[in-house]
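Note that these values count all heavy atoms, side chains included, but never hydrogens, waters or copies made by symmetry. Since this is a predicted model, take the numbers as computed values, not measurements.
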Amino acid sequence: MSDETKATETDTGRHFLKQWIAEDVAAGKTGGQVVTRFPPEPNGYIHIGHAKAICIDFGMAQAFGGQCNLRMDDTNPSKESDEYAESIKEDIRWLGFDWGDGFYSAADLFDRMYEIAENLIRSGHAYVCALTQEQWKEYRGVPTSPGKESPTRNRAPEENLALFRRMRDGEFADGTLCLRAKIDMASPNIHFRDPVIYRIMHVPHYHAGEKWCVYPMYDFAHPIEDAFEGVTHSMCTLEFEVHRPLYDWVIDRMDEMGLLVVRGGVKIRPQQREFARLNLSYTVMSKRKLLQLVQERRVEGWDDPRMPTVCGLRRRGYTPEAIRDFCERIGVSKYESETDVALLEYCLRDDLNRRALRRMAVLNPLKVVIDNYPEGQVEYAEVQNNPEDPSAGTRRVPFGREVWVERDDFMEVPEKKFFRLAPGQEVRLRGACLFTCTGVIKDAAGAVVELHGTYDPASKGGNAADGRKIKGTVHWVSAAHAVPVPVRLYDRLFTVPDPLGDDTRDFLSFLNPDSLKTVAAYGEPALAEARPGERFQFERLGYFCADARESKPGAPVFNRTVTLKDSWAKEVKK
RNA sequence: UGCCUCAUGGUGUAACGGUAGCACAGCAGACUCUGGAUCUGCUUGUUUAGGUUCAAAUCCUAAUGAGGCAACCA
């Protein structure tokens, strides 16, 4: 055993893909460079499940000093568009990954794929089949019993070739003929029962234009793409596991044709391995379901901040760092699991706690009048921008006789261990002074509309002159300087961990009716200058992000990204 | 009733024949000008049954459970 191998084996926490690649590197199978690829089909927006795959594909390449290509797996023009392709690029860049000059499109290989198909026909490995889809269904058989051969299975190669060329030349209508690989109609693996490798589709391609009316199928195209790119390690999700023998079959045929790339004197034979896709609690991940949410207007669009799409998370205020950290922490395995969204939220808070500037805002305002504070007087509280990061500096927050506080921070009859505002109870107004509530004003219906009280002039800045300890601290906003800001309070999209887990109920019935509440909040003046996309911690409340779409200069709209942990709320529940 | 794959605390993972560990969640406490953060401690686990071995989460067999495969989708 070489020292190199030894060293990697003492390295703990290596998941099976990393081990697999390490072994191949040690065995010299990569020709000096590990090459991976992320191969999305540009038929929709990518979500956090794709982010996991991206982190694996790019991450493995990085770990071995290799290259990860971005390849549009665009072999079905009826579903694909340039708009999707562009959004995918944008999202991957935002996540922090770089494919360098390794950008590819399957469509750029159509000529070569077509040639390979002709070669397959010549060597008797493929034939043109005229069975209708209904007929084929019957011929193919079911997993539990073998299929039977197509009547044209043993047609002469020259005839097949002529027919295939006529298919290419547009002489036949969609679905009338197709090209099948000739493998094994009795195989227990359905994908070996003479799979279709080319179909007729009179549809222009967003990237290849009008050139083709026959397009290759995934199982044929994917290994070819990998092989031509010199991909050494092709990682995908579990549902492709049963396709692997077919992947290898195509690679074998390419090998026979002498088409495998040689790098560093080594013939590169791409290999596929599979890992479990990400499932996240309280959301859905299927493209179809997400599309349904969009089309039925259950959400406002693909980038609705409640969506698990990368653009949705971005708009919600998630950071790429938090998402990458999350993908690192969930690990990689072949076990189909469901990850608790609490872990994602932890990663976000962990990141934002270190970086987000603190601001004060009151979401549900209650007026407080400080009776012994001079009318018209304004002082400034010097407050840290981020206690976790002194280099973020301080700011001056105006303070006056009337301030807004959070309605939830007051109880006329305080529960045990409620350390906030209550008659006769002294609290700290964050960064300003100590204050004691002495009076409560109510409306005719008995609802509290205003608090009165007095402050301790010897507590400017927030500390008592005599050193007495004050347990409760509340945030506030000066009424005279408050900036009105719309704030959108987002919560989980679904009310149950697995909305798809109940066969008797439609997942839509689990939609959380309270997943969005909009409130008119008051913010401290500095908030007016928030730039679109800028993230803050609103002290004692949570992390918020100026909406990149609806914020205007001087008039930000905030999205709640995630709340702060709230141990008082837990206390109340008991 | 075919083939493929998987199974470790509540959740996600590590341990690669030799002391079952980490993280999230939960609970308790300390500290705190955010009931945040931080720090300390705690609870909880190898699906089952056989076999191989001095020794099994790990290897073998079977059972059970879960997922995938029967688009001219990817």
Side-chain angles (χ1 to χ4, degrees), chain A residues 9 12-16 19 39-41 43 73-76 78-80 129 131-133 136-137 140-147 174-180 187-193 195-201 214-215 217-219 221-222 236-245 274 276 281 287 329-347 349-350 353-354 358 360 383-384 387-388 417-420 427-432 434 461-463 469-475 497 537-542 563-571:
Chain A
E9 279 183 3
T12 57
R14 293 159 76 239
H15 54 70
F16 73 104
Q19 292 184 35
E41 185 187 16
N43 69 344
D73 206 3
D74 45 11
T75 56
N76 183 358
S78 67
K79 296 173 155 187
E80 298 152 3
C129 178
L131 252 24
T132 64
Q133 286 184 56
W136 177 252
K137 206 172 168 181
R140 183 191 47 221
V142 290
T144 51
S145 64
D174 290 6
T176 52
L177 294 177
C178 67
L179 186 70
R180 318 198 92 99
S187 173
N189 184 341
I190 292 279
H191 300 282
F192 255 30
R193 321 244 267 225
V196 174
I197 58 175
Y198 256 95
R199 80 285 218 185
I200 300 173
M201 254 184 149
V214 291
Y215 293 96
M217 300 288 292
Y218 167 87
D219 283 316
H222 205 86
C236 59
T237 44
L238 248 27
E239 70 269 27
F240 292 102
E241 205 156 26
V242 283
H243 294 244
R244 192 156 95 204
E274 312 80 14
S281 62
K287 263 187 193 176
R329 285 169 185 266
I330 57 177
V332 182
S333 76
K334 304 191 69 157
Y335 180 68
E336 195 128 348
S337 57
E338 180 179 88
T339 299
D340 192 341
V341 71
L343 181 61
L344 213 210
E345 293 174 345
Y346 166 82
C347 294
R349 290 190 186 106
D350 189 46
N353 176 50
R354 281 190 292 259
R358 270 80 250 238
M360 288 196 284
V383 186
Q384 283 192 98
E388 299 290 320
K417 294 204 242 176
F418 182 82
F419 307 126
R420 289 120 86 150
V427 300
R428 176 164 32 238
L429 296 177
R430 174 80 158 146
L434 299 178
N463 282 316
K469 295 286 181 204
I470 300 302
K471 185 108 177 149
T473 299
V474 301
H475 60 280
Q537 183 196 99
F538 288 180
E539 291 217 34
R540 303 209 307 133
L541 296 174
T563 61
L564 247 31
K565 273 172 66 175
D566 187 351
S567 51
W568 170 245
K570 278 180 198 163
E571 192 68 34

Okay, side chain of A:Ser187, backbone of A:Asn189: is any donor-acceptor separation there less than 3.5 Å?
-> yes
Ranking A:Gly331 and A:Val474 by the position along RNA chain B of their nearest nucleotide, the one closer to 5' is A:Gly331
How should the glycosidic conformation of B:A62 be described, syn or anti, under the criterion that syn lies within 90° of 0?
-> anti
From the list B:C24, B:G35, B:G36, which nucleotide is the closest neighbour of the side chain of A:Lys565?
-> B:G36
Side-chain donor/acceptor of A:Glu338 to base of B:U11, under 3.5 Å = no
Determine the interatomic distance between C1' on B:U48 and the same-named atom on B:G65; round to the nearest Å.
-> 11 Å
Distance between the P atoms of B:G36 and B:C31, in whole angstroms?
-> 14 Å
When rounded to the nearest Å, what value does the distance between P atoms of B:G45 and B:A20 take?
-> 14 Å
Shortest non-hydrogen pair, A:Phe16 vs A:Val332, comes out as CE2-CG1, 3.8 Å
Specify the separation, in whole Å, of atom CZ of A:Arg329 and atom P of B:A23.
-> 9 Å
Are OP1 or OP2 of B:U11 and a side-chain N or O of A:Thr339 less than 4.0 angstrom apart?
-> no
Could you measure between the two P atoms, the one in B:G9 and the one in B:A28, and give it in whole Å?
-> 24 Å
Between B:C39 and B:U32 - P atom distance, rounded Å | 16 Å
Sidechain-backbone polar pair: A:Ser337 side chain, A:Thr339 backbone, donor-acceptor under 3.5 Å | no
For B:G21 and B:C4, measure between their C1' atoms and round to the nearest Å.
-> 32 Å
With sugar-phosphate meaning primed atoms plus P, OP1 and OP2, does A:Arg420 contact a base, only sugar-phosphate, or nothing at under 4.0 Å between heavy atoms?
-> base
For B:G12, does OP1 or OP2 lie under 4.0 Å from any side-chain N or O of A:Ser333?
-> no
Would you name the heavy atoms of A:Gln537 and A:Leu564 that are closest together and state the gap between them?
-> NE2-CD1, 3.8 Å
Could you tell me whether A:Phe419 contacts a base, only the sugar-phosphate backbone, or nothing, with contacts defined as non-hydrogen atoms closer than 4.0 Å?
-> base
Starting from C1' on B:U34, measure out to CZ on A:Arg354 and report it in whole angstrom.
-> 18 Å
Watson-Crick and G-U pairing of RNA chain B, under 3.5 Å, as dot-bracket with | and [ ] | .((((((..((((....[..)))).(((((.......)))))....(((((..]....))))))))))).....
Results of side-chain contact (heavy atoms from CB on, under 4.5 Å) for A:Ser281 - residues two or more places apart only = A:Glu338, A:Asp340, A:Val341, A:Pro497
N-O pairing of A:Glu41 and A:Lys79 below 4.0 Å | no
Kindly state whether the ring of A:Trp568 and the ring of A:Phe418 have centres lying under 6.0 angstrom apart.
-> yes
Just checking A:Phe418: base, sugar-phosphate only, or nothing, at a heavy-atom cut-off of under 4.0 Å?
-> base
Residues A:Asp350 and A:Arg354 bridged, charged N to O under 4.0 Å = yes
For the pair made of CD in A:Glu539 and P in B:U32, what is the distance, rounded to whole Å?
-> 18 Å
Could you measure between the two P atoms, the one in B:U58 and the one in B:U53, and give it in whole Å?
-> 16 Å
Looking only at atom types and distance, does a side-chain atom of A:Arg428 sit under 3.5 Å from a main-chain N or O of A:Gly472, one as donor and one as acceptor?
-> no
For residues A:His475 and A:Arg430, is any side-chain donor paired with an opposing acceptor at under 3.5 Å?
-> no
Short side-chain N/O contact from A:Ser337 to OP1 or OP2 of B:U13, under 4.0 Å = yes
NE2 of A:His15 versus C1' of B:A15: gap in Å, rounded?
-> 16 Å
Can you tell me, in whole Å, how much space there is between the P of B:C59 and that of B:U8?
-> 14 Å
To the nearest Å, give me how far apart OH (A:Tyr346) and P (B:C22) are.
-> 15 Å
Judged by nearest nucleotide, the residue sitting upstream toward the 5' end of RNA chain B, A:Glu388 or A:Lys334, is A:Lys334
For A:Asp566 and B:A25, give me the distance from atom CG to atom P, rounded to whole Å.
-> 14 Å
Per-nucleotide protein contact along nucleotides 60-74 of chain B, 5' to 3', at a 4.0 Å heavy-atom cut-off (B base, S sugar-phosphate only, - neither), is -------SBSBSBBB
Over how many whole Å does the gap from A:Phe16 atom CZ to B:A7 atom P extend?
-> 10 Å
Just checking A:Val383: base, sugar-phosphate only, or nothing, at a heavy-atom cut-off of under 4.0 Å?
-> nothing
From A:Ile330 CD1 over to A:Leu344 CG, what is the distance, rounded to the nearest 0.5 angstrom?
-> 8.5 Å
Hey, does the side chain of A:Arg329 reach the backbone of A:Cys347 with a donor-acceptor pair shorter than 3.5 angstrom?
-> no
Nucleotide B:A28, atom C1' - distance to CD of A:Glu571 in whole Å = 12 Å
